[in-house]
Amino acid sequence: MSELIVAKFGGTSVADFHAMSRCADIVLADDRIRVVVVSASAGVTNQLVAITQHTELTARFTAFTEIERITMAVLNALQYPQAVAADIDALLSELRVLIEHGGTVFSVQHKDEILSFGERLSSVLFTQVLAERDAAVACFDSRKVVRTDSHFGKAEPQINAMRQLCSELLLPVLASQRVVMQGFIGADEHHQTTTLGRGGSDYSAALLAEALDADTVQIWTDVVGIFTTDPRLTEQARCIGEISFDEAAEMATFGAKVLHPATLLPAVRRNIRVFVGSSREPNSGGTWIAREVEDRPAYRAIALRKSQTLITVKSPAMLHAAGFLSRVFDILSRHHISVDLVTTSEISVALTLDEAPGSAFEHLTVAAIEELRQFCEVQVEHGLSLVAVIGNHLHSSRGVTGELFQALEGVNMRMICHGASKHNLCFLVQDDDATPVVKQLHQSLFAA
Ligand code: ADP
Ligand code: ASP
Ligand code: MG
């Protein structure tokens with residue numbers, strides 16, 4: 001097949017009919033865009049999450065009504081709403097039945113089934129927006145080809161199975177038409193719906209690009225590219241024209257919400273270039289993420305991840321003792337707690353966990369702490385933020401550490417990690433201090 005682009009449109013890009021029309025302009029302007037991946041319209045996944053969390057039917061139906069309102073507003077703005085009205089009605093009815101018969105608490109499997117409706121609704125609507133512009137287009141159910149394991153809420157994609165399913169079921173369709181697919185969702189081998197974790201549509205697009213041997217993935221969002229820091233934190237943030245896979249992956253891992261943390265894994269494996277741009281301003285440039293880049297500055301960006309938990313585990317028995325760390329990590333691993341940063345001293349080890357919903361923190365059970373407490377003192381602190389300076393050769397460049405510490409004058413840091421990665425230097429501050437610290441650091445490192 002000739003050059004193939006997978007284009008992904010995020011929640012605000014498909015928030016309403018006008019936003020969807022702008023995305024249609026982007027798709028139709030480029031014949032190479034054959035696969036379109038959409039998120040749920042902005043706000044819909046949050047309402048679906050609310051449905052899964054409420055135990056009261058009335059509260060669940062308040063969230064349902066909001067989803068219905070967002071959906072019907074797009075449907076009624078279409079030129080031929082009747083073309084998809086029955087499909088939309090069937091989806092909303094199916095969701096209503098799940099809500100009514102879900103009991104007080106939904107199983108993890110039911111939760112994923114419910115969360116899938118956002119993308120299933122928006123994909124039907126966006127397909128019709130494209131069809132009304134005379135495009136040869138079909139809505140394609142991602143669950144037929146996005147094969148995952150059964151880890152509901154944060155399923156692991158199985159790329160080999162995906163490649164095979166894509167070549168059997170999706171490639172033949174692409175020969176004659178474009179397809180619109182749902183981001184975020186997949187299915188396990190028993191055809192049960194799974195999700196890839198919040199923000200997972202970016203990852204879906206990259207996985208599909210890998211499975212289809214596409215040349216480029218485009219991530220169309222509400223900012224004109226990847227910035228030196230979240231543009232919501234400081235107006236001094238500026239767009240980066242070109243960035244390497246390594247640096248962008250570190251940014252995503254350390255909280256730059258513009259990309260789901262796993263997005264670049266498939267891109268790296270197959271050397272697929274990734275473009276990030278604004279669906280509102282498609283002609284205002286954007287960011288190219290690629291293996292080779294011309295410029296590799298010492299400081300590239302600052303990322304911020306709020307709501308971190310710091311656990312300090314202390315035991316005098318650790319002094320000169322072998323196997324203490326492995327015992328600590330064995331307990332954490334058995335409780336599926338994945339650790340981000342680690343520092344150690346003679347008799348203690350400090351580690352951080354992400355508190356975001358669906359992340360390690362949810363698994364931080366009382367049982368895990370109790371197990372640790374059997375052989376050491378455990379202190380748990382909340383309300384911290386992880387600030388990461390991303391760049392190149394940070395671990396070995398002359399003067400870098402001194403410059404950074406100068407830029408951080410007066411900042412109260414709770415923990416520092418430096419040396420393990422050449423692409424980042426991280427530290428923890430109190431949540432309340434985080435935004436001013438990022439501003440101060442950005443001003444020193446980037447406002448030249
Ligand atoms: P979408 O719904 O399109 O997936 P997201 O809200 O998930 O969009 O991601 C886009 C947001 O990411 C931006 O509005 C911006 O506030 C945030 N963001 C965080 N860090 C960065 C960064 N370094 N560059 C650009 N955007 C960033
Ligand atoms: N709709 C999902 C979410 O809001 C996935 C995505 O938008 O990427 O998390
Ligand atoms: Mg996103």
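Counting convention: from 1, in listed order, for ligands and their atoms alike.
In terms of modelled atom types and a separation under 3.5 Å, the side chain of Glu210 and the main chain of Ile159 share no donor-acceptor contact. Judged by distance alone, with hydrogens and angles left aside, the side-chain atoms of Arg305 form a donor-acceptor pair with the main-chain N or O of Thr253 at under 3.5 Å. Side-chain N or O atoms of Thr195 include none that pairs as donor or acceptor with a backbone N or O of Asp112 at under 3.5 Å. In this structure, the side chain of His423 does not engage the main chain of Asn392 through any donor-acceptor pair within 3.5 Å. Thr287 contributes a side-chain N or O that, together with a main-chain N or O of Ile240, makes up a donor-acceptor pair within less than 3.5 Å. Proximity of a side-chain donor or acceptor of Thr71 to a complementary backbone N or O of Ile67 within less than 3.5 Å is detected.
The shortest N/O to N/O separation between Thr221 and ligand 1 falls below 3.5 Å. Considering backbone and side-chain N/O atoms, Gly11 never comes within less than 3.5 Å of an N/O atom of ligand 2. At least one N/O-N/O distance between Lys257 and ligand 1 falls below 3.5 Å. Any N or O atom pair closer than 3.5 Å counts here, and Gly11 shares at least one such pair with ligand 1. Inclusion of Thr228 in the set of residues having an N or O under 3.5 Å from an N or O of ligand 1 is not warranted.
Numbered from 1 in the order shown, with element, the atoms of ligand 1 that lie under 4.0 Å from a heavy atom of Ile226 read 24 (N). Within ligand 2, the atoms closer than 4.0 Å to a non-hydrogen atom of Ser39 are 6 (C), 7 (O), 8 (O), numbered from 1 in the order shown. The ligand atoms of ligand 2 that sit less than 4.0 angstrom from a heavy atom of Glu119 are 1 (N), 2 (C), 5 (C). Listed by number with element, the atoms of ligand 1 under 4.0 Å from a non-hydrogen atom of Met251 are 23 (N). Each of the atoms 5 (C), 6 (C), 7 (O), 8 (O) of ligand 2 lies under 4.0 Å from some heavy atom of Ser201. For ligand 1, the atoms lying closer than 4.0 Å to a non-hydrogen atom of Arg232 are 13 (C), 14 (O), 16 (O).
Among all non-hydrogen protein atoms, the one lying nearest atom 4 (O) of ligand 2 is Arg198 NH2, 3.0 Å. The nearest heavy-atom contact from the protein to atom 11 (C) of ligand 1 is Asp222 OD1, 3.9 Å. Considering only non-hydrogen protein atoms, atom 22 (C) of ligand 1 sits nearest to Phe227 N, 3.7 Å. Atom 12 (O) of ligand 1 has its closest protein heavy atom at Val258 N, 3.3 Å. If you check which protein heavy atom lies closest to atom 15 (C) of ligand 1, you get Asp230 OD1, 3.4 Å. For atom 4 (O) of ligand 1, the nearest protein heavy atom (residue, atom name, distance) is Lys8 NZ, 3.0 Å. Closest to atom 25 (C) of ligand 1 among all protein heavy atoms lies Gly225 O, 3.4 Å.
Note on Arg96 versus Glu68: salt bridge recorded, some NZ/NE/NH1/NH2 to OD/OE distance being below 4.0 Å. Ionic pairing of Arg147 and Glu189 is not present here: no N-O contact between side-chain nitrogen and carboxylate oxygen is shorter than 4.0 angstrom.
Under the 4.0 angstrom criterion for non-hydrogen atoms, His260 is not in contact with ligand 2. In this structure, Ser39 falls outside the shell of residues with a heavy atom less than 4.0 angstrom from ligand 1. At a 4.0 Å cut-off, not a single heavy atom of Gly10 sits close enough to ligand 2 to count as contact.
Remark: Lys154 fails to qualify as a cation-pi partner of Phe152 under the 6.0 Å distance and 45° angle criteria applied to the six-membered ring.
Between Phe446 and Gln236 there is no side-chain heavy-atom pair separated by less than 4.5 Å.
Under 4.0 Å from ligand 1, not a single heavy atom of Arg198 appears. With a heavy-atom cut-off of 4.0 Å, Ala42 does not touch ligand 1 at all.
What you find for Glu247 and Ile390 is that their closest heavy atoms are O-CG2, 3.6 Å. Across all their heavy atoms, Cys166 and Ala211 have their closest contact at SG-CB, 3.7 Å.
Relative orientation of the Tyr203 and His260 rings is parallel, given thresholds of 30° and 60° on the angle between their planes.
When each of Leu121, Asp141, Val38 is checked for a side-chain contact (heavy atoms from CB on, under 4.5 Å) with Gln182, only Asp141 meets the rule.
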